[in-house]
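Note that the numbering runs from 1 along the sequence shown for the chain.
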Amino acid sequence: MAAYIRKVRTASGATAVQIAAKQGRRDKVLEHLGSAHTDSELAALLDTAREKLLAGQQELDLDLGATTSSAPTITGKRSRWLIEVIAAAWRGLGFDVVDNEAFFQLVTARLVEPTSVADAGRVLREIGIAPAHRNTFVRTLQRCTAHGYRDTIAQRCFEHAATAGDLNLLLYDVTTLYFEAEKEDELRKVGYSKERRVDPQIVVGLLVDRTGFPLEIGCFEGNHAETRTIVPIVRQFQARHDLDGVEMVIAADAGMLSSTNLKDLDAAGLKFIVGSRVTKAPADLASHFHWHGDVFADGQVIDTVTPRHAKTVVNDLTRRSEPVWEPADTSAWRAIWAYSTKRAVRDNQTLNAQEARAREVVDGTRAARTPRFVKSTTKGKSLDTDALARARSLIGLKGYVTNLPVSVMNPQEVMAKYHDLWHVEQSFRMSKTDLRARPIFSHTRESIEAHLTIVFTALAISRYLQDATGMSIRKIVRTLRPLQEVTVTIAGHEHTAFDPLTDDAVHILDSLEISNPGSKLAH
């Protein structure tokens, strides 16, 4: 039976090195030597495999499971620098107050390669961490809720955000997480999906500071209206940290624009900046359209008011000047509208494409669900020219609704704070891509909440590392994961070898003040 060295590509992208032999028409694996993530690690495994083959030939009995005393053997390997970086962020945020190694391992696995709890062990073993037993992981998920891990993590996040910056401006957004499940239950329900999915889902609300650092997370039933999530999450945040009466500004996109939301936020003593819908512009800017038509100058800003209730009229067309909002005004909120030529060009391109699709449907050359600007009557389909004209008169406009008077914040400041919302959108993108928060394979509310706690914790570490290094968690993992610390035993003696550090790796380690061979401080 002739033995040979076999290299196999694994699902994680590593190269497994094995000693195998032909047995009939099949390959029989005699020994699995390990998996390599780098060229240097692969070379070491191949050297070990060759030594074993030579040893077997010299002994003639081909006992390939045995080794000679002089054959080099890899006895350990780990992505040392990646582990140290994650551990440094864990300690830096004070998360080590959660005295549970399995919880740390689950968070680490999610940062490195998001996968299921059942597969977390593989990820941990590949970076050199001996994983806890799967049953221990399951019990840890149960402890997340029973022992209030999220409360502890949220408290440390709050303390970090309060120390690192300011909490005067908080950003809020929502997303949906779907499940690989066929049936609904009390929490997982089919609801509105931007991706037009029909899977059961939950609605997740995320509150972050102005840099995107997470402060509060919560989940709601899948058919729960997104507009009804912001107030409970904000109140939960206030209650957790005893912030009643503390002045904060909450910024959210137009999806949160509902009269009930604005009323509740105002009643809670909170200031808000919410994106307005362009369809509100004709009423808010009635005076401007009456006196100036739909002509705007690039960069023009109009500070006016918007009615709190749909049937309320707050603009006086007999006056050319826009009304100035005051906090005592219970019929309106302050509204700011800004015009941008660049935005107008982009909006016009979108409208042209929508008009073209509408004309194709009207002409019968396009079979699709009825697009915008198509009017259906008993006589057939026709182009809604009035709606199209109205839309063209509003291109380039962007609106903002707030309860901050101009004496406290001028229009430019209001718009600047609103535009910080990209940070919360980036955090959601991180949680859904870099941290892969979805799909969720959990079934019970308890396990779903535990999953969100792990994602929330991992997101905090990701933002912490991004702020410290200027790199995304994806790039940090991609840079450090291949850099192995390999322990090789030769003639009974252990030797440790390191892959050389790249410039990016040195930058990451120096940014976190982790001593390393490439640091300038080490020379």
Side-chain angles (χ1 to χ4, degrees), residues 161 164-173 207-213 230 234 246-257 261-262 265-266 269-289 291-308 314-315 319-329 332-348 393-427:
D166 70 81
L167 295 173
N168 293 330
L169 175 65
L170 302 181
L171 314 174
Y172 182 79
D173 203 355
L207 189 69
V208 305
D209 72 3
R210 68 193 312 152
T211 69
F213 189 80
I230 183 171
V234 171
V246 177
E247 186 163 307
M248 292 181 295
V249 178
I250 310 295
D253 67 15
M256 299 300 107
L257 185 65
N261 273 350
L262 303 188
L265 289 172
D266 187 65
L270 294 166
K271 303 302 180 184
F272 59 78
I273 301 172
V274 180
S276 187
R277 299 184 182 91
V278 72
T279 52
K280 291 183 174 292
D284 293 0
L285 301 176
S287 294
H288 177 89
F289 284 111
W291 293 99
H292 306 287
D294 57 1
V295 177
F296 297 90
D298 187 30
Q300 183 174 357
V301 175
I302 299 175
D303 202 338
T304 184
V305 295
T306 187
R308 293 194 184 190
V314 294
N315 278 323
R319 297 184 178 183
R320 297 185 63 135
S321 60
E322 296 292 337
V324 177
W325 183 78
E326 296 292 342
D329 187 352
W333 300 113
R334 182 184 176 195
I336 298 168
W337 287 90
Y339 179 86
S340 163
T341 300
K342 184 177 180 180
R343 186 186 298 114
V345 171
R346 187 169 61 247
D347 290 349
N348 194 51
S393 71
L394 304 176
I395 61 173
L397 289 170
K398 174 65 179 177
Y400 314 83
V401 178
T402 181
N403 60 347
L404 287 159
V406 67
S407 59
V408 173
M409 192 174 293
N410 65 42
Q412 285 70 26
E413 290 175 306
V414 170
M415 291 186 289
K417 289 186 182 297
Y418 176 86
H419 284 237
D420 279 339
L421 271 175
W422 72 271
H423 287 299
V424 70
E425 293 169 357
Q426 183 188 49
S427 288

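Contact record, N315 with E322: OD1-OE1, 4.3 Å, taken as the closest heavy-atom pair. Annotation for R334 and V414: closest pair NH1-CG2, 4.1 Å, computed over non-hydrogen atoms. Residue Y400 comes nearest to S276 through the heavy atom pair N-CB, 4.0 Å, listed as atom of the first residue, atom of the second, then distance. Minimum interatomic distance between I336 and P411 (heavy atoms only, all atoms of both residues): CD1-CA, 3.7 Å. In this structure, L397 and W337 approach most closely via the heavy-atom pair CB-CE3, 4.1 Å. Counting all heavy atoms, side chain and backbone alike, Q300 lies closest to V295 at OE1-O, 4.4 Å.
D303 places no side-chain N or O within donor-acceptor distance of the main-chain N or O of V324, the cut-off being under 3.5 Å. With hydrogens and angles disregarded, a donor-acceptor distance shorter than 3.5 Å links the side chain of D298 to the backbone of T341. Distance alone, capped at 3.5 Å, places no donor-acceptor pair between the D284 side chain and the T306 backbone. In terms of modelled atom types and a separation under 3.5 Å, the side chain of N403 and the main chain of L270 share a donor-acceptor contact. Panel note: side chain R308, backbone D329; a donor-acceptor pair is recorded below 3.5 Å.
Each of V234, I230, L262 was compared with F272 under the side-chain contact (heavy atoms from CB on, under 4.5 Å) criterion, and only L262 meets it.
For the side-chain hydrogen bond (donor to acceptor under 3.5 Å, both in side chains) test, no residue two or more places apart in sequence or in another chain qualifies with W333.
Atom CG of D209 sits about 12.5 Å away from atom CE of M248, to the nearest 0.5 Å. Separating the NZ atom in K398 from the CZ atom in R277 is a distance of 10.5 Å, to the nearest 0.5 Å. A distance of 10.5 Å separates NE2 of H292 from CG of L285, quoted to the nearest 0.5 Å. To the nearest 0.5 Å, the span separating OH on Y339 from CG on L394 amounts to 11.0 Å. Rounding to the nearest 0.5 Å places CG of L170 at 14.5 Å from NZ of K271.
Residues T402 and M409 form no side-chain contact, since every pair of their non-hydrogen atoms from C-beta on lies 4.5 Å or further apart. Counting heavy atoms from C-beta on, the side chains of V274 and Y418 never come closer than 4.5 Å.
Using bins of under 30°, 30° to 60° and over 60° for the plane-to-plane angle, the ring pair F296/H288 lands in the parallel bin.
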